[in-house]
Every structure is written in C-alpha cells, then in structure tokens.
Enquirer: 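One structure, as structure tokens, below. Some questions next.
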Amino acid sequence: MAAALQVLRHLARAPLRPLLWGCPLARLASSMALAEQAQQLFESTVGAVLPGPMLQRALSLDPDSGQLKVRDRSFQLQQNLYLVGFGKAVLGMATAAEELLGQHLVQGVISVPKGIRAAMESAGKQEMLLKPHSRVQVFEGAENNLPDRDALRAALAIRQLAEGLTADDLLLVLISGGGSALLPAPIPPVTLEEKQTLTKLLAARGATIQELNTIRKALSQLKGGGLAQAAYPAQVVSLILSDVVGDPVEVIASGPTVASIHSVQDCLHILNRYGLRAALPRSVKTVLARADSDPHGPHTCGHVLNVIIGSNALALAEAQKQAEALGYRAVVLSTAMQGDVKSVAQFYALLARVAGTRLTMPGAGASVEEDEQLYELAAELQLPDLQLKEALEAMVGTRGPVCLLAGGEPTVQLQGSGKGGRNQELALRVGAELGRWPLGPIDVLFLSGGTDGQDGPTEAAGAWVRPELTSQAAAQGLDVAAFLAHNDSHTFFCRFQGGAHLLHTGLTGTNVMDAHLLFLQPR
Ligand SMILES: Nc1ncnc2c1ncn2[C@@H]1O[C@H](COP(=O)(O)OP(=O)(O)OP(=O)(O)O)[C@@H](O)[C@H]1O
Ligand SMILES: O=C(O)[C@H](O)CO
C-alpha cells in the first residue's frame, strides 16, 4: 500500500519515459509495456487531484505579509482564519490546508466518513492525517454514505463555529463528494430519520444527484447556501473537489455555500415524479409550505468565493499531458461519461474498431455502417461534451500510438449477487466486446478505474483488458458471460491470470469520479 502511494507521489511530479517510436526494438518493448504505461497514466490522473497538490495550486500565502491569495482575490490573515469541511476527501484536504496555513488557523471542524482515519493509518498515508496537536476537530460519521447521529453532531458543531464568526473573520470551507450525508441538519420539525428515509427512497427509485440534492437543500438548515448564511458577515472561501459531472457548485455536497435557486414547485415535481408526494410526512409538508411563504426569499451569497480546485477534467488534462510526453496522440473524449454500463462498453469497443481502422488503414476508413452505429451509440449516451468527431479526425495522419481519455460515472443495474464495481464491470464488458471482431494489426488496451481507489465494495480501483480477454479466459475455464450475468466482475478478475489485470492503488484520499483510458498502438 505504501509502495503504491510512493508511486502516486512520484508520478504527481515526475514526467514518464517517452516512447521511441522510430525504432522496432523500442516498439516491441513499448508494446510489452503497454499495460504498465496504462497503470502509470491512471496513477498520474489521480496524482493531479490529490489533496496536497490541489491545495498548493489553489492557495498561496505570503508568510511576511500574511496575505492569502485564492485565485485573483487576496485576504488578510490575522488570527482570523477558521476552517470547516465535509466530504470523503476532506481529511487529506484539511491536513494539506493546515500545513499551508499553519499558525494563522484559529480553529477548525470537519465531518469525514466513519473509519477513514484508521483506514489511512493502516494504508500508511501519513500525509492524509492531521498532526497530533492539530487545531482541527474531526468528527467521523455517515456510515454507508447515509446521514446519521454522528454526522448530525458534526453538522451542529460546524454551524456553531460558523455562527460565532464576525465581519473580520475568514471561513475556509473544504467540500468534496459525500458532503451531503456528512452535513445533515434537517429543518425542524423534520427529523433525521425522516430525511434519511426520503433520501433513501429517492435514490432507490433512480433520482439523479441533481434531484436528490434539490430535496436535501429544501429540508436542510445548512445546504443550499445555509452554511454561508450562518457564517455571515464573515467572508467565506469554499474550495471544492467535484464529484459531479459538469462541476455544478450548487449540486456538489448540496451547495452549502451557494444560494439555492429552487422553488417549492421544483421539489413537488421531483417528489411527484418518484411517486412520493402522497406519502410525505407531515413535517416535510410543513417545511415546504413554510418555504413557499418565506418573505425573505432565497439567501444571497455575495460574501462567498466558490472555487473548484479539483475535477475529473483537471485530472484527465494531466493524464493527457503525461500521455503526450510518452509519445501518444492523446485526446480527451468526454468528462461526462454517463449511461448504462452495457451501452458505454459497446461504445468503447466500437470506437476502438472504428479508430483502429483509421489508424492502420489510412484512407480505407471503417465501414459506413460502423461509423453510423458509433454515432448512434454516442447520441444515445447523450454526452454533452463528447469530442468524437475531433477524436476520429485526429486519427487521420496519425501513424503512432493513440490514447483516448474519458471520465464520468456509468450506471450498473445490479441483477446478480456477485462482487464487483462499476469500473471492473465496464472493463470486463469492453474486453468481451473487443473480442467479437478482428481488430487488425493494432494493440488495444482499455482501462477503467475509480479515482478514489475503491471500485464498489472491492479492494481494487478497477481493471484493464485487451481483446484477447475472452479467449484467454476460456483457456483458463472462465466464462466471461457467466460472470457478467451475476455482476461478478471482481471474482472474475481475481481468478483471471492470477489477478494481474486488477488495478490496485489503495484508498487515494481523493475522488473525481472514474477515468477511462483507451490505448491504440498500430503494430
Ligand atoms: N457487484 C457489482 N457489480 C458492479 N457494480 C457494482 C456492484 N456492486 C456495487 N456496484 C456499483 O458500485 C457503486 C457503488 O460503489 P462506490 O462505493 O465506489 O460508489 P461511488 O458512487 O463510486 O461512490 P463515490 O460517490 O464516493 O465515488 C454503485 O454504482 C453500484 O451500482
Ligand atoms: O455529497 C453529495 O451530494 C454527492 O457526493 C455529490 O456531491
């Protein structure tokens, strides 16, 4: 685990070894090293959004004058700096912030997942752990990503700190994914249990994170700008690590420092859509009715600076740079990869075929039907930022290796009771699809990994596959289709070639959704 971390740290700084594409020997070696390079590139993707480097990029402190710079804004520090935070990556973010801001920090309170300190400790990740005499108080709670009494206690301590601030103070707010469950403060008479039940029901019925968080905001004291309001008249700077496609600050962790723009009507529409309006507890109806007649209208957040300091796009941009340094033609396809994992897998496999044909037989092009099918699949997935045409055009005239990068969070409809995760299932499906057609004189590798280092309830971050997967598995007596039918991708990869295709990084301490890397190397 410690060794994996060393690699991550090293890769965050060091450029990777470039390919020497002119020379056949080098080409052979490079082809053999493709899997190794894929794993290194994944680690660079994560390295770009680790708490330390991220905070260092976002903040700069002049030790002589005590001026803190965040983007183009300056704040005078003078025993007036406070910190709060909530989210799965916040422990490491708070540690990095305290290290940077040192003596200026008066007091802090953070709400982080249950067991995270012990997990980081046993993973040997000292840089994610606060020092023994830290000024930051840590609350652990929200087991299984659900708001609980411990998280409620943390939220109340955060509110108390915020409410005690004056116009001379600066509140630094550290926010990352999972923040909603770690900052529950229901508006009375709504109880924690009622809020828990409602969010669980909405999630189980397929509500999007935008819908879920709209409801959470309407029922919360601190979400939807409530925390910023509590801290007024202090100045507020929120440093946000995004785990939502498109980085919407009002959605991530339910936007506690962003004024909510939703009306009660929006909430009622959502509750209607999921058949929950009729059975609402009286307390929820009371709070919604009260909000409807609130004479003050929505909060304003003029005293707040919200800054996205880490995102999937940022991580992929770093991986793209590293891939180019290795000699690849690298294109970021999308940072909003969503949709059913089966369709996403078909898309990547067909993309490998269409792009591969362009690379190996310039001028021939893939068949018109395949091109059309690829564009149809892309349209079905509805990816707002997809650079498919650009990526395919980039193949024309490219004679060397290509790396296509994407990020996001596909969805798995669980049918079986097997062990797996989104990334391992996607990789397994892509592997199975790639084996269906001959791909010509080209080496192909697809990797999918969760940037938090944990894919579903498994110890792996994800997996990588090549087109030979199905036949090699069959030679080992493993039937890929049978494992897929039970959502048993992790069991498959543990058995296949002794687990050599699994990605193991350990918990990374960050989270910007998943990364997908598709490598195409003409032979
Ligand atoms: N056996 C399985 N096969 C495939 N996917 C699974 C399996 N079990 C759980 N999953 C998927 O794993 C996901 C939950 O895993 P995880 O804890 O990594 O969540 P997450 O959404 O990545 O959390 P975060 O928001 O922190 O990134 C769900 O999307 C679920 O569908
Ligand atoms: O906490 C949340 O609301 C989700 O992780 C999205 O940010």
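Computed over heavy atoms, backbone and side chain alike; hydrogens, waters and symmetry mates excluded. Positions are given from 1 along the sequence. Predicted model, so just to flag it, every value in this text is computed and none were measured. Note that ligands are numbered from 1 as they come in the structure, with each ligand's atoms numbered from 1 the same way.
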Enquirer: Mark up the atoms of ligand 2 that fall under 4.0 Å of a heavy atom belonging to N213, in ascending order.
Expert: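 Matching atoms, with element in brackets: 3 (O).
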
Enquirer: Nearest protein heavy atom to atom 9 (C) of ligand 1, by residue and atom, and its distance?
Expert: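 Here the closest protein heavy atom is P457 CD, 3.9 Å.
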
Enquirer: With heavy-atom distances below 4.5 Å as the criterion, would you say the side chains of T214 and C267 are in contact?
Expert: yes

Enquirer: Please write down residue, atom name and distance for the protein heavy atom closest to atom 26 (O) of ligand 1.
Expert: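 Here the closest protein heavy atom is K88 NZ, 2.5 Å.
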
Enquirer: Ignoring angles and geometry beyond distance, decide whether A253 reaches within less than 3.5 Å of ligand 2 through its nitrogen or oxygen atoms.
Expert: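 Yes, there is a polar N/O contact under 3.5 Å.
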
Enquirer: Is there a heavy atom in G177 that sits closer than 4.0 Å to ligand 1?
Expert: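 Per 4.0 Å heavy-atom rule, G177 does not contact ligand 1.
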
Enquirer: Does G179 reach ligand 2 with a nitrogen or oxygen that is under 3.5 Å from one of the ligand's nitrogen or oxygen atoms?
Expert: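 Yes.
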
Enquirer: With atoms numbered from 1 as shown, which atoms in ligand 2 lie under 4.0 angstrom from a non-hydrogen atom of D243?
Expert: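 Contacts of ligand 2 toward D243, numbered from 1: 4 (C), 5 (O), 6 (C), 7 (O).
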
Enquirer: Below 3.5 Å, N or O to N or O, backbone or side chain included: is there any such pair between N487 and ligand 1?
Expert: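 There is such a contact, yes.
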
Enquirer: Just by distance, no angles: are the side chains of S283 and E194 close enough, under 3.5 Å, to form a donor-acceptor pair?
Expert: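 Looking only at side-chain atoms, E194 and S283 do form a donor-acceptor pair, the distance falling under 3.5 Å.
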
Enquirer: Between T451 and D514, do the side chains contain an N or O donor and an N or O acceptor separated by less than 3.5 Å?
Expert: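 Absent: no donor and acceptor within the cut-off.
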
Enquirer: Would you say that P51 contacts M128 through its side chain, given a criterion of any heavy-atom pair below 4.5 Å between the two side chains?
Expert: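 Contact flag for P51/M128 side chains = yes.
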
Enquirer: Between E211 and R273, does any NZ, NE, NH1 or NH2 come within less than 4.0 Å of an OD or OE carboxylate oxygen?
Expert: yes

Enquirer: Does the protein place any heavy atom closer than 4.0 Å to atom 4 (C) of ligand 1?
Expert: yes

Enquirer: Answer yes or no: is there a side-chain heavy-atom contact under 4.5 Å between D150 and F139?
Expert: no

Enquirer: Should you measure from each heavy atom of V412, which atoms of ligand 1 turn up under 4.0 Å away?
Expert: 4 (C), 5 (N), 31 (O)

Enquirer: Yes or no: does R216 have any heavy atom under 4.0 Å from an atom of ligand 2?
Expert: yes

Enquirer: Tell me which protein heavy atom sits closest to atom 3 (O) of ligand 2, plus the residue, atom name and distance to 0.1 Å.
Expert: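 So the nearest neighbour among protein heavy atoms is S180 OG, 2.5 Å.
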
Enquirer: For F42 and A461, work out which heavy atoms get closest and say how close.
Expert: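 Scanning both residues, the minimum pair turns out to be CE2-CB, 4.2 Å.
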
Enquirer: Mark up the atoms of ligand 2 that fall under 4.0 Å of a heavy atom belonging to I252, in ascending order.
Expert: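 In order of number, 7 (O).
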
Enquirer: State whether the shortest distance between N or O atoms of G178 and N or O atoms of ligand 2 falls below 3.5 angstrom.
Expert: yes

Enquirer: If you measure from atom 19 (O) of ligand 1 to every heavy atom of R422, M513, Q424, which option wins on shortest distance?
Expert: R422

Enquirer: Taking side chain as C-beta onward, heavy atoms only, is L386 less than 4.5 Å from L333?
Expert: yes

Enquirer: Mind checking whether G418 has a heavy atom under 4.0 Å from ligand 1?
Expert: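 Yes.
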
Enquirer: Pull out every atom of ligand 1 sitting under 4.0 Å from any heavy atom of G456, numbered as shown with elements.
Expert: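 In order of numbering, the contacting atoms are 12 (O), 15 (O), 16 (P), 18 (O).
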
Enquirer: Would you say that I110 contacts L130 through its side chain, given a criterion of any heavy-atom pair below 4.5 Å between the two side chains?
Expert: yes

Enquirer: Identify the protein heavy atom lying closest to atom 27 (O) of ligand 1, giving its residue, its atom name and the separation to 0.1 Å.
Expert: N511 ND2, 3.2 Å

Enquirer: I want to know if ligand 2 touches S176 in the polar sense, i.e. an N/O pair below 3.5 angstrom.
Expert: no

Enquirer: Measure D452 to ligand 1 on non-hydrogen atoms and call it side chain, backbone, both or neither using the 4.0 Å cut-off.
Expert: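 For D452, the contact with ligand 1 is made by the side chain alone.
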
Enquirer: Which ligand 1 atoms are under 4.0 Å away from a heavy-atom of Q454?
Expert: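 That gives atoms 18 (O) of ligand 1.
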
Enquirer: Tell me, do Q229 and C301 make a side-chain contact under 4.5 Å, heavy atoms counted?
Expert: no

Enquirer: Out of all atoms in ligand 1, which are within 4.0 Å of some heavy atom of E425? Include the element for each.
Expert: 3 (N), 4 (C)

Enquirer: Considering the heavy atoms of G177, write down every atom of ligand 2 situated less than 4.0 Å from one of them.
Expert: 5 (O)

Enquirer: In the protein, what heavy atom is nearest to atom 7 (C) of ligand 1, and what distance, to one decimal place, separates them?
Expert: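 So the nearest neighbour among protein heavy atoms is G420 O, 3.2 Å.
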
Enquirer: For atom 30 (C) of ligand 1, which protein heavy atom lies nearest, and how many Å away is it?
Expert: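 Residue, atom and distance for the closest contact: L414 CD1, 4.8 Å.
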
Enquirer: Do the side chains of E425 and R429 get close enough for a salt bridge, i.e. N-O under 4.0 angstrom?
Expert: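 Salt bridge flag = yes for R429 with E425.
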
Enquirer: Is the backbone of A460 close enough, under 3.5 Å, to the side chain of D455 for a donor and an acceptor to pair up by distance?
Expert: no

Enquirer: With a cut-off of 4.0 Å, which atoms of ligand 2 are near a heavy atom of V244?
Expert: 6 (C), 7 (O)

Enquirer: Is L428 close to Q424 at the side-chain level, that is, under 4.5 Å between some pair of heavy atoms?
Expert: no

Enquirer: Run the salt-bridge test on R149 and E193 with the 4.0 Å N-O cut-off and return the result as yes or no.
Expert: yes

Enquirer: Decide whether H501 and Q497 meet the rule of one side-chain donor and one side-chain acceptor closer than 3.5 Å.
Expert: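 There is such a pair between these side chains.
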
